Amino acid sequence: MMSARAIVTRGPLIPVLTIADPAHASPLAKALLAGGVTVLEVTLRTPAALEAISEIVRTCPAAAVGAGTIRDPDQLAAAIDAGAAFGVSPGTTTRLAAAAVESGLAFLPGAATASEAMTLAECGFDVVKFFPADAAGGVATLRAWQAPLPDLRFCPTGGVTRDNAADYLALANVACVGGSWVAPAGRVAAADWAGITDLARAATEHLTR
Ligand code: 3PG
């Protein structure tokens, strides 16, 4: 089982994927792998999400596929059953944090304030999803947290784009960034796998950690 640190240090970018058609899961994952992206987050926002995760686990062993938008312990359990290698949440409840710790699954719990990040550190989490990154102050907020929260690492997500990702990654407390820009819904719906490989390659070549 991979740790949260291992997940977020595998590459500079975790694409946030919303998959409506399970038949898209495997070709989408292969397109991203071809572009150098090996960690994928499939959000639990569609009825197809759990099947999509299982399909990627089955067909793309080189990918570390996680489940995103986990909001409660039942969704966490379903993600683990589907084979997810890690979990991500937009924010954190007491019940979800306890279930995530208990499960042993690598988990990136969401926080938008210093108090939330400190509460998560108390629970034992050392990597936190900073969400919604852009709306919660972006690079300036993370820079301000460096001195008082030196032990925490962040994965900013929400409003991260090709244009600002490098600014986040330049911060010592940013482990990687998350975002949907490498797999836009329109390209997925159009099965534009070559176009998604190009976006992934552009991101991985342009971004370093
Ligand atoms: C998330 O779930 O982390 C966000 O919806 C992704 O945000 P983005 O679409 O702004 O990249």
Side-chain angles (χ1 to χ4, degrees), residues 4 7-8 10-20 24-25 28-29 31-32 35 37 39-50 52-53 56 64-72 75-76 78-79 82 84-93 96-97 100 105-113 116-117 120 125 127-142 153-169 171 174-190 192 195-196 198-200 202-204 206-207 209:
I7 294 288
V8 296
R10 217 163 122 150
L13 164 69
I14 301 179
V16 176
L17 311 175
T18 300
I19 300 177
H24 286 157
L28 173 57
L32 291 163
V37 172
V39 179
L40 319 174
E41 174 189 334
V42 176
T43 59
L44 301 188
R45 296 180 202 170
T46 63
L50 291 168
I53 291 168
I56 296 169
V65 56
T69 325
I70 293 176
R71 292 176 52 189
D72 61 46
Q75 288 182 316
L76 177 72
F86 64 97
V88 186
S89 62
T92 319
T93 68
L96 179 57
L105 183 73
F107 200 78
L108 308 181
T113 67
E116 291 166 4
L120 292 170
F125 298 101
V127 189
V128 171
K129 166 169 164 160
F130 176 47
F131 178 82
D134 190 47
V139 167
T141 295
L142 287 169
R153 293 293 174 273
F154 296 92
C155 173
T157 310
V160 180
T161 65
R162 191 196 154 142
D163 293 334
N164 64 16
D167 296 335
Y168 284 102
L169 287 163
L171 298 174
V174 170
C176 67
V177 299
S180 59
W181 83 91
V182 290
R187 284 189 193 247
V188 176
D192 179 9
I196 288 173
D198 288 346
L199 288 173
T204 50
H206 159 77
L207 301 174
R209 172 68 276 193

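Atoms considered below: every heavy atom in the structure, side chains included; atoms not considered: hydrogens, waters and symmetry mates. Counting starts at 1 for both ligands and their atoms, in listed order. Starting from 1, each residue takes its place in the sequence as its number. Not measured: the values here are computed from a predicted model.
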Taking only heavy atoms of Thr157 into account, list the atoms of ligand 1 that are under 4.0 Å away from them. 1 (C), 3 (O), 6 (C)
re atom 7 (O) of ligand 1, the protein heavy-atom contact at minimum distance is Gly158 CA, 3.5 Å
Note: Ala64 and Ile7 closest approach over all heavy atoms is CB-CD1, 4.3 Å
side-chain contact (heavy atoms from CB on, under 4.5 Å), that's the test. Do Phe154 and Leu171 meet it? Break it down for me. CA-CA 10 Å; Phe154 296 92; Leu171 298 174; over 6 Å; no
Around Arg71, counting heavy atoms of other residues, nucleotides and ligands shown, do more than 12 lie under 6.0 Å from its CZ? no
With nothing but distance in play, are any N or O atoms of Thr69 less than 3.5 Å from an N or O of ligand 1? no
Can you name the nearest heavy-atom pair linking Ala97 to Phe125, along with the distance? O-CZ, 3.8 Å
Could you tell me if any non-hydrogen atom of Gly159 lies under 4.0 Å from any atom of ligand 1? yes
Could you list the atoms of ligand 1 found under 4.0 angstrom from a heavy atom of Gly179? 11 (O)
Sort out for me which residue in Leu108, Val128, Val127 forms a side-chain contact (heavy atoms from CB on, under 4.5 Å) with Leu120. Val128
Polar contact flag for Ser180 and ligand 1 (N/O pairs, less than 3.5 Å): yes
Which heavy atom of Val65 sits nearest to which heavy atom of Ile53, and what is that distance? CG1-O, 4.1 Å
Report, in ascending order of atom number, the atoms of ligand 1 lying under 4.0 Å from any heavy atom of Lys129. 1 (C), 2 (O), 3 (O)
For ligand 1, find out whether one of its N or O atoms is nearer than 3.5 Å to an N or O atom of Glu41. no
Could you identify the single nearest non-hydrogen protein atom to atom 2 (O) of ligand 1 and state the distance to 0.1 Å? Arg45 NH2, 2.2 Å
So, regarding Val16 and ligand 1 (criterion: nitrogen or oxygen to nitrogen or oxygen, under 3.5 Å), is there a contact or not? no
Heavy-atom nearest pair, Ala112 first then Pro132, reads CB-CD, 4.3 Å
